[in-house]
Protein chains: 2
Amino acid sequence: MLREKRGVSLSTLARTAGVGKATLSALENGLRNPTLETLYAITAQLGVPLAAVLSGPATTPTVQGATVTATLLESFTDTDASYELYRLRVRPGAEQLSPAHQAGVTEHVTVFSGMLRAGPADAPATATAGGHLRWTSDVPHVYAALGDEEVAASLLLRYPRR
Amino acid sequence: MLREKRGVSLSTLARTAGVGKATLSALENGLRNPTLETLYAITAQLGVPLAAVLSGPATTPTVQGATVTATLLESFTDTDASYELYRLRVRPGAEQLSPAHQAGVTEHVTVFSGMLRAGPADAPATATAGGHLRWTSDVPHVYAALGDEEVAASLLLRYPRR
DNA sequence: CGTTCCTGTTTCGTAAACGGAACGATCGGG
DNA sequence: CCCGATCGTTCCGTTTACGAAACAGGAACG
């Protein structure tokens with residue numbers, strides 16, 4: 001974790017960033033849905049751009065303790081599109097349904113471990129380690145972990161220039 | 001505004017993004033401090049990267065109705081640093097004190113209109129239209145609008161590679 | 001062993017972000 | 001003209017993110 005790599009304690013960061021220790025603790029364990037204000041207070045104190053710590057598709061509890069989380073690793077822009085690269089983590093048994101997004105956005109998923117079923121809600125596909133899935137996100141789509149192993153994957157979102 | 005340029009109504013966007021109209025209305029008028037979850041729901045529906053709509057240093061009411069707001073225009077990375085460019089708006093009489101950030105972060109402010117007093121809390125400098133201010137943000141620093149005119153400025157944050 | 005200081009988690013009351021519904025304003029069509 | 005549809009804002013009860021403080025677990029020291 002970023003804070004630990006900096007060698008700063010939770011208590012210290014909470015104090016210098018001006019947020020409660022309860023807040024910081026809860027955020028690090030993914031059991032809260034932070035406000036932009038607290039997020040900025042923390043990133044500013046760490047000397048890191050806001051985008052560096054954004055968790056993407058909000059952690060959505062579906063079944064008891066079964067969640068899907070996405071963490072933004074990097075975002076960049078080239079001449080005709082911008083991209084966001086997430087690390088995806090799907091707990092065993094977890095299943096998440098995302099509503100349709102604006103047309104033109106493409107999702108690319110590469111599975112590192114576990115078995116992932118994902119894609120358009122009416123025609124999801126399955127991939128295991130090394131596999132790749134791609135779809136356009138203008139229809140509702142799902143993510144689900146098959147089997148009892150946690151799924152690790154990368155998720156690349158491509159937003160065309162407009 | 002982005003939503004209007006798309007020609008989509010508040011009511012429609014609220015429905016398709018799955019958030020309340022009250023929420024969307026309040027956000028557009030800057031009177032709420034959104035949750036990451038709602039922010040993602042909206043940007044995803046608009047087909048836009050999260051970073052594209054981030055408001056930066058949270059709108060901080062100091063005196064009655066006197067606020068400082070910053071809106072992220074663009075963020076990018078080169079070989080040895082990443083940058084975030086904000087549009088800064090300081091209402092007449094507003095004054096904001098920001099705590100010290102991590103060492104290495106530099107703030108550049110260019111004033112377009114009005115008179116801005118900003119910089120390290122113990123030695124702020126003053127700039128009018130066309131003026132430029134620069135300081136390192138590892139000490140507490142202030143922003144204040146002098147005179148009775150609203151200050152418009154750009155704020156460039158430079159985060160060195162680590 | 002106690003004592004002290006630190007870690008990170010948990011409890012709890014308060015403040016505020018949330019969605020649903022009610023509202024007045026504006027626009028077209030018959 | 002009035003009526004229906006849709007716009008964005010406001011009101012309100014519920015949910016939840018927030019900070020202060022209490023808490024349990026380790027490590028260092030006497």
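Below, chain A is the first sequence line, B the second, and so on; all start at residue 1.
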Legend entry - Span of DNA chain C in contact with chain A (heavy atoms, under 4.0 Å): C/dT7 to C/dT11
Legend entry - A/Arg32 side-chain N/O to D/dC18 phosphate OP1/OP2 under 4.0 Å: yes
Inset, instruction - Taking side-chain contact (heavy atoms from CB on, under 4.5 Å) as the test, write out the residues that go with B/Ala125, two or more places apart. - result: B/Leu133
Can you check nucleotides 8-10 of chain D for protein contacts, nitrogen or oxygen pairs under 3.5 Å, and list what you find?
| residue | atom | partner | partner atom | Å |
| --- | --- | --- | --- | --- |
| D/dG8 | OP1 | B/Arg3 | NH1 | 3.2 |
| D/dG8 | OP2 | B/Leu10 | N | 2.6 |
| D/dG8 | OP2 | B/Ser11 | N | 3.4 |
| D/dG8 | O6 | B/Lys21 | NZ | 3.3 |
| D/dT9 | OP1 | B/Asn29 | ND2 | 3.4 |
| D/dT9 | OP2 | B/Ser25 | OG | 2.7 |

Inset, instruction - Using atom types as modelled and distance alone, determine if a side-chain donor or acceptor of B/Arg89 lies under 3.5 Å from a backbone N or O of B/Glu150. - result: no
Inset, instruction - Keeping the roles fixed (side chain from B/Thr16, backbone from B/Thr12), state whether a donor-acceptor pair exists under 3.5 Å. - result: yes
Inset, instruction - Would you kindly say whether B/Glu107 and B/Tyr143 are connected by a side-chain donor-acceptor distance under 3.5 Å? - result: yes
Legend entry - Side-chain heavy-atom pair B/Ile42, B/Leu24 within 4.5 angstrom cut-off: yes
Inset, instruction - Can you tell me which residue pairs pass the ring pair (Phe, Tyr, Trp, His ring centres under 6.0 Å) test with a partner in residues 106-129 of chain A, sequence neighbours excluded? - result: A/His108-A/His132
Legend entry - ILVMFWY clustering at 4.5 Å (side-chain atoms), partners of B/Met115: B/Leu146
Inset, instruction - Figure out the CD1/C1' separation between A/Ile42 and D/dG19, and round it to whole Å. - result: 13 Å
Inset, instruction - Identify, with sequence neighbours excluded, every residue that meets side-chain contact (heavy atoms from CB on, under 4.5 Å) alongside B/Asp148. - result: none
